[in-house]
Trainee: 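Can you read through this structure? Questions will come right after.
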Amino acid sequence: MAGESLVQHRIQKLLELQRRGINPFAEEKFPRTHLAQEIKDNFPSLEGNNCKVAGRVLAIRSHGRSTFLDLQDSSGKIQILLRQDKVGEERYALLEFLDIGDILGINGEVIKTKTGEITVEANDFLFLAKALQPFPEKWHGLREPELRYRFRYLDLIVNERTKDIFYKRARILQGIRDFLTQRGYVEVDTPMMQTIPGGASAHPFITHHNALDMDLYLRIAPELYLKRLLVGGMEKIFELGRCFRNEGISTRHNPEFTLLEVYLAYGDLEDIKRLTEDMLYHLATAILGSEEIEYRGQKISLKPPFRCLSLYEVLKKETGTDWEKIEDVEEARRLAKSLGVEGDTVRTRGEVLLKVLEKIVEPRLIQPIFVEDFPVEVSPLAKRRRENPYLTRRFELFIGGEEIANAFSELNDPFDQRERFKEQMRRWEEGDEEAQRMDEDFLLALEYGMPPAGGLGIGIDRLVMLFTDSPSIREVILFPLLRPKEEE
RNA sequence: GGGCCGGUAGCUCAGUCUGGUAGAGCAGGGGACUCUUAAUCCCUUGGUCGCGGGUUCAAAUCCUGCUCGGCCCA
């Protein structure tokens with residue numbers, strides 16, 4: 001790191017402490033009696049009592065023979081008052097070697113200062129760690145996005161919002177687990193390293209197993225393994241875990257991201273709609289304390305039931321065109337182009353419809369809405385509608401102009417599934433590298449009989465963005481992928 | 001991959017248009033101070049201006065290539 005003299009000064013202080021027999025790195029633990037926030041919350045009953053707090057020093061205000069500190073722990077900040085006459089001359093002199101960023105343990109008395117600030121007046125203090133690197137500016141904190149991501153630990157220390165986001169993310173994950181577990185769903189772990197990357201249309205990462213001398217793919221989705229578990233008689237299951245897609249990075253995409261998939265045997269798309277609504281409503285009320293969220297300046301109500309339109313209906317409503325009547329791919333493509341949607345890489349009618357949905361319609365879908373009835377060629381794992389086999393029993397849920405969930409009544413007919421894979425293979429041969437691959441092992445599982453089932457996928461990072469009003473996925477991933485900074 | 005914007009002290013930012021010895025605040029160092037809370041007061045250190053090439057008497061500033069990041073588009 002740069003700022004060499006700043007580091008040198010701090011090292012000198014460390015050495016000076018050690019010369020006096022104090023090693024700031026020697027302590028193994030410091031039993032705390034309270035967190036900072038607990039002291040503030042319970043001041044009336046704690047006033048005059050002894051307490052032990054510990055945390056990081058974020059500000060030092062020295063007045064000669066008395067010194068105020070701001071001490072931060074996971075709950076927040078509390079002011080510490082150190083007075084020479086209370087801690088003793090010898091101990092007080094050690095403050096000369098205290099730096100912003102150091103971690104201290106304080107044994108003291110809960111008081112209120114003349115100005116009314118709840119404070120711990122120290123009887124004694126203990127160095128628990130010395131910070132050798134200079135800290136970001138106290139008022140503006142760490143602003144530069146690159147630095148915030150590369151030095152996330154500093155971001156967490158100095159930017160309160162960052163800490164709030166990741167604590168909220170943790171509560172969302174816990175909330176999902178609680179919600180599903182309470183309803184009898186069982187959490188499972190399926191392979192992240194797969195021999196055939198399936199369950200979604202995306203570029204996989206490739207890795208290699210040395211002992212078996214074979215290539216493996218990091219999963220792009222857990223779907224095909226979870227369906228094998230449906231075959232195995234696990235009827236209500238979910239997996240909450242990391243998936244990997246070897247694609248571009250944007251405000252909405254990180255190469256690794258967290259996906260929730262839920263499967264309900266003997267349930268259909270309608271059951272999944274209810275489950276999705278209930279879960280989002282539950283999370284909002286439990287975590288935000290409100291059924292309403294604010295995202296990008298817009299108020300969004302998560303109160304069920306959510307609206308529901310077919311793909312054709314929503315396209316007609318937003319573009320004025322009845323796309324159901326447009327059966328020719330070229331005509332669809334021309335029409336899309338007239339709306340400003342380029343479709344040169346797009347091969348099928350279904351893909352054109354999806355692109356128009358994504359580019360034109362999606363940003364306008366602010367309030368929660370299920371869009372259902374997707375063309376079969378873009379839904380190779382979903383069951384067909386009985387009365388119109390071109391369409392599938394599938395919905396996508398949009399909230400705040402973002403796709404939040406994707407769900408099917410799952411295809412369990414091994415003959416149809418084989419045909420769908422074959423169609424995907426054709427597209428693979430035409431150069432569509434995102435086409436799904438023939439998976440004989442999965443087809444074999446289907447041939448043993450998979451019960452009818454509803455399945456749901458939710459992008460957790462986008463959900464956290466929604467719940468924390470974050471403009472970028474990097475704001476809700478602790479360590480988003482960045483190129484390494486070259487060192488000299 | 002394309003477009004736009006940015007990288008200047010540890011941090012937050014001026015300075016670039018209009019070339020002429022690189023600035024502020026905080027942090028740091030020295031000093032004063034026993035109720036401050038962006039403490040205050042006096043003094044003060046600190047720079048590969050992202051990296052390379054070019055233009056020029058002279059480049060943080062103009063041109064160019066690269067690099068890292070942000071936003072938008074694909």
Side-chain angles (χ1 to χ4, degrees), chain A residues 1-13 16 36 40 57-72 76-89 92-93 95-102 108-109 111-122 131-155 157-159 203 247-254 296 336-337 340-346 351 355 358-360 363 401 434 470-475 480-488:
Chain A
M1 281 303 311
E4 218 35 57
S5 74
L6 296 176
V7 175
Q8 279 311 318
H9 270 117
R10 285 169 178 246
I11 290 175
Q12 284 312 313
K13 291 180 183 179
E16 195 54 46
K40 291 185 189 170
V57 174
L58 287 190
I60 303 172
R61 295 180 291 281
S62 164
H63 300 71
R65 281 176 287 265
S66 77
T67 298
F68 291 93
L69 309 178
D70 289 342
L71 195 75
Q72 182 189 57
K77 289 180 198 166
I78 183 116
Q79 179 169 265
I80 307 297
L81 170 58
L82 294 133
R83 287 171 35 187
Q84 192 189 52
D85 56 5
K86 194 146 185 189
V87 301
E89 231 172 278
Y92 191 84
L95 292 178
E96 196 184 328
F97 312 116
L98 179 70
D99 282 303
I100 287 173
D102 289 355
E109 183 187 335
I111 64 160
K112 200 174 249 185
T113 63
K114 283 177 189 167
T115 50
E117 178 90 9
I118 295 169
T119 299
V120 175
E121 187 176 3
L132 301 179
Q133 293 287 343
F135 273 65
E137 208 238 9
K138 62 182 173 186
W139 192 242
H140 301 95
L142 198 61
R143 288 254 178 98
E144 189 76 35
E146 185 175 353
L147 293 178
R148 290 183 48 231
Y149 302 149
R150 287 192 197 279
F151 298 94
R152 184 66 99 181
Y153 43 90
L154 295 180
D155 188 29
I157 291 166
V158 300
N159 294 323
H203 289 273
E247 288 163 3
I249 295 177
S250 79
T251 42
R252 282 182 215 72
H253 300 87
N254 194 61
R296 295 179 183 171
K337 198 159 187 170
V341 179
E342 293 296 331
D344 296 342
T345 60
V346 153
E351 286 175 291
K355 263 220 144 64
E358 185 190 334
K359 299 294 170 197
I360 308 283
E434 292 191 353
S470 297
S472 163
I473 198 169
R474 285 178 221 104
E475 293 296 320
L481 186 66
L482 298 177
R483 278 183 200 278
K485 199 79 174 175
E486 86 283 4
E487 282 295 325
E488 67 274 19

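As the structure is a computational prediction, the values presented were derived from the model and not from experiment. Chain letters run A, B, ... following the sequence lines, proteins first and then strands; every chain starts at 1.
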Trainee: Taking any heavy-atom pair under 4.0 Å as a contact, classify L154(A): base, sugar-phosphate, or nothing.
Mentor: nothing

Trainee: Between G10(B) and G46(B), how far apart are the C1' atoms? Round to whole Å, please.
Mentor: 10 Å

Trainee: How close or far is atom C1' of U37(B) from atom CD1 of I118(A), stated in whole angstroms?
Mentor: 14 Å

Trainee: Considering Watson-Crick and G-U wobble pairs with both distances under 3.5 Å, what does C71(B) pair with?
Mentor: G3(B)

Trainee: Quick one, D85(A) with R65(A), criterion salt bridge (charged side-chain N to carboxylate O under 4.0 Å, His left out). Give me CA distance, side-chain angles, the key distance, then yes/no.
Mentor: CA-CA 8 Å; D85(A) 56 5; R65(A) 281 176 287 265; over 6 Å; no

Trainee: When we call it a touch if two heavy atoms are under 4.0 Å apart, what does R143(A) touch: a base, just sugar-phosphate, or nothing?
Mentor: sugar-phosphate

Trainee: Contact class for R474(A) vs. all strands (heavy atom < 4.0 Å): base, sugar-phosphate, or nothing?
Mentor: sugar-phosphate

Trainee: Side-chain N or O of S62(A) versus OP1/OP2 of U36(B): is the shortest distance under 4.0 Å?
Mentor: no

Trainee: Hey, does G248(A) reach any base, or is it just sugar-phosphate, or nothing, if we go heavy atoms under 4.0 Å?
Mentor: nothing

Trainee: Looking just at side-chain N and O atoms, do H140(A) and E137(A) make a donor-acceptor pair shorter than 3.5 Å?
Mentor: yes

Trainee: With a 3.5 angstrom cut-off on both distances, give the Watson-Crick or G-U wobble partner of C11(B), or none if there isn't one.
Mentor: G25(B)

Trainee: Where do E144(A) and R148(A) land on the salt bridge (charged side-chain N to carboxylate O under 4.0 Å, His left out) test, with the steps shown first?
Mentor: CA-CA 6 Å; E144(A) 189 76 35; R148(A) 290 183 48 231; over 6 Å; no

Trainee: Could you measure between the two P atoms, the one in G20(B) and the one in C26(B), and give it in whole Å?
Mentor: 28 Å

Trainee: Has R483(A) got a side-chain N or O lying under 4.0 Å from the OP1 or OP2 atom of C68(B)?
Mentor: yes

Trainee: Distance check, P atoms only: U67(B) and A24(B), in whole angstrom units.
Mentor: 35 Å

